[in-house]
Amino acid sequence: MAHMIEVVDGFAHIAYAGETPWHGLGVQVPADLSPEQMLQAARLDWEVSKVPAFAEVGGKQVAVGRSALVRSSDNKILDVISDDWNPCQNQDAFEFFNDFVAAGDMEMHTAGSLKDGKIVWALAKVKESFELFSGDQVDSYLLFTNPHQYGQSIDVRFTPIRVVCNNTLTLSLNQKANQMVKVSHRNEFNGDQVKEMLGVAKEKLATYKEMAAYLGSKRYSNETLTEYFQRVFPLTSDKKETKELSRNAKIALDVMEQQPGAKFAEGSWWQAFNAVTFMTDHVVGRSADTRLQSAWFGYNKTLKTKALETAVEFAEAA
């Protein structure tokens with residue numbers, strides 16, 4: 001079975017504070033760690049360097065105008081990059097959180113690496129949350145991703161997590177839809193510039209609260225619920241004309257009443273939307289770590305955004 005979490009010498013490179021994260025992976029650490037201590041706890045305190053790459057031609061080493069990105073801890077080649085690609089060190093990435101943590105606005109929550117070290121990430125809990133429907137709490141987090149992989153950009157995302165079931169969603173920190181704060185590796189990383197854009201995080205949480213409350217106020221019918229899951233999980237092209245449900249649409253229907261928190265705004269589009277986030281985070285997929293990869297960086301990240309937008313569309317028509 002394929003795994004996304006990097007494991008070296010039997011140690012899964014994830015550290016977390018507080019309760020076990022929704023993905024159930026990693027080693028528990030104290031809840032008051034500094035960003036640097038979290039970096040060390042997750043064994044991410046290594047650097048990357050650019051080493052000229054060569055090709056052997058006619059028995060001679062010929063420079064190819066590219067560089068190997070080499071990890072200091074074990075000399076592992078993470079990727080081959082262009083010479084104008086600027087690596088961001090993990091130390092610099094985690095220092096991004098220093099001011100927020102020192103001011104008491106955030107606390108480090110989870111950190112780890114995926115894809116053999118090509119993706120390093122840190123999740124910090126923001127001291128912001130909201131509660132709806134007499135007990136349904138949503139906490140706010142910031143996810144910082146530092147990829148050591150050609151073609152990938154540093155990004156920072158707002159990530160609300162529903163406490164009752166640990167369902168996740170990543171939402172844009174930019175005003176333009178479907179975009180996030182991104183920093184190309186062709187530019188030097190400047191944490192101060194990124195922080196200037198993070199002022200919209202509170203605005204995003206407020207908007208998400210309004211959206212959740214609205215979804216919880218609008219009810220679905222059996223017919224519209226089935227149509228919703230057909231839209232979110234469509235059949236393959238050769239079966240589109242039938243009224244059958246895809247496998248994942250059937251799973252979503254099955255977990256409607258079984259998912260944690262089903263009692264909150266029961267019978268509403270909030271319940272329907274959370275059936276999608278619950279099944280993608282906790283039910284489908286080969287393992288917890290592949291679900292984590294897909295939820296934050298893969299197909300399911302986009303799928304859940306589509307599910308939210310579609311739920312709002314159905315709610316407006318209700």
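For reference, positions follow the sequence shown, starting with 1.
- For the residue pair Thr305/Thr302, the side-chain donor-acceptor check at 3.5 Å is not satisfied.
- Closest approach of Met279 and Ala252 over heavy atoms only: SD-CB, 3.5 Å.
- Looking at Asn90 and His148, their side chains do bring a donor and an acceptor atom within 3.5 Å of each other.
- Remark: side-chain polar atoms of Glu131 are paired, donor with acceptor, to backbone N or O of Gly135 under 3.5 angstrom.
- Side-chain atoms of Asn300 and Ser294 form a donor-acceptor pair, as typed in the model, at a separation below 3.5 Å.
- In this structure, Phe96 and Phe144 have tilted ring planes: the angle between them lies in the 30° to 60° band.
- Annotation: cation-pi pair Arg66/Tyr150 present, NZ/CZ under 6.0 Å from the ring centroid and within 45° of its normal.
- Between Arg231 and Glu313 a salt bridge is recorded (basic side-chain N to carboxylate O distance below 4.0 Å).
- For Thr224 (side chain) and Tyr220 (main-chain N/O), no donor-acceptor pair under 3.5 Å exists by modelled atom type.
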All N/O donor-acceptor pairs, side-chain side in residues 256-265, below 3.5 Å, sequence neighbours left out:
| from | atom 1 | to | atom 2 | distance (Å) |
| --- | --- | --- | --- | --- |
| Gln258 | NE2 | Asp254 | O | 3.1 |
| Gln259 | OE1 | Ala275 | N | 3.4 |
| Gln259 | NE2 | Met256 | O | 3.3 |
| Gln259 | NE2 | Gln271 | O | 3.1 |

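- Taken together through direct or relayed side-chain contacts under 4.5 Å among Ile, Leu, Val, Met, Phe, Trp and Tyr, Phe130 and Met211 form part of one hydrophobic cluster.
- Between Arg157 and Asp155 there is a salt bridge, since at least one side-chain N of the basic residue sits less than 4.0 Å from a carboxylate O of the acidic one.
- Note on Asp83 versus Lys50: no salt bridge recorded, every NZ/NE/NH1/NH2 to OD/OE distance being 4.0 Å or above.
- Side-chain atoms of Asp74 come within 3.5 Å of backbone N or O of Lys76 as a donor-acceptor pair.
- In this structure, Asn146 and Cys88 approach most closely via the heavy-atom pair ND2-O, 2.8 Å.
- Of all the heavy atoms in Ser268 and Leu215, the pair that sits closest is CB-O, 3.4 Å.
- Sorted by first and then second residue, the pairs that involve residues 298-318 and meet ring pair (Phe, Tyr, Trp, His ring centres under 6.0 Å), not counting sequence neighbours, are Tyr228-Phe314, Trp269-Phe314.
- Of the possible polar contacts, none joining the Lys209 side chain to the Leu132 backbone as a donor-acceptor pair under 3.5 Å is found.
- With Ser72 contributing its side chain and Glu47 its backbone, the two residues share a donor-acceptor pair below 3.5 Å.
- Ser82 and Asp84 share a side-chain donor-acceptor pair at under 3.5 Å.
- In this structure, Trp270 and Phe133 have tilted ring planes: the angle between them lies in the 30° to 60° band.
- For Lys125, the salt bridge (charged side-chain N to carboxylate O under 4.0 Å, His left out) partners two or more places apart in sequence, or in a different chain, are Asp139.
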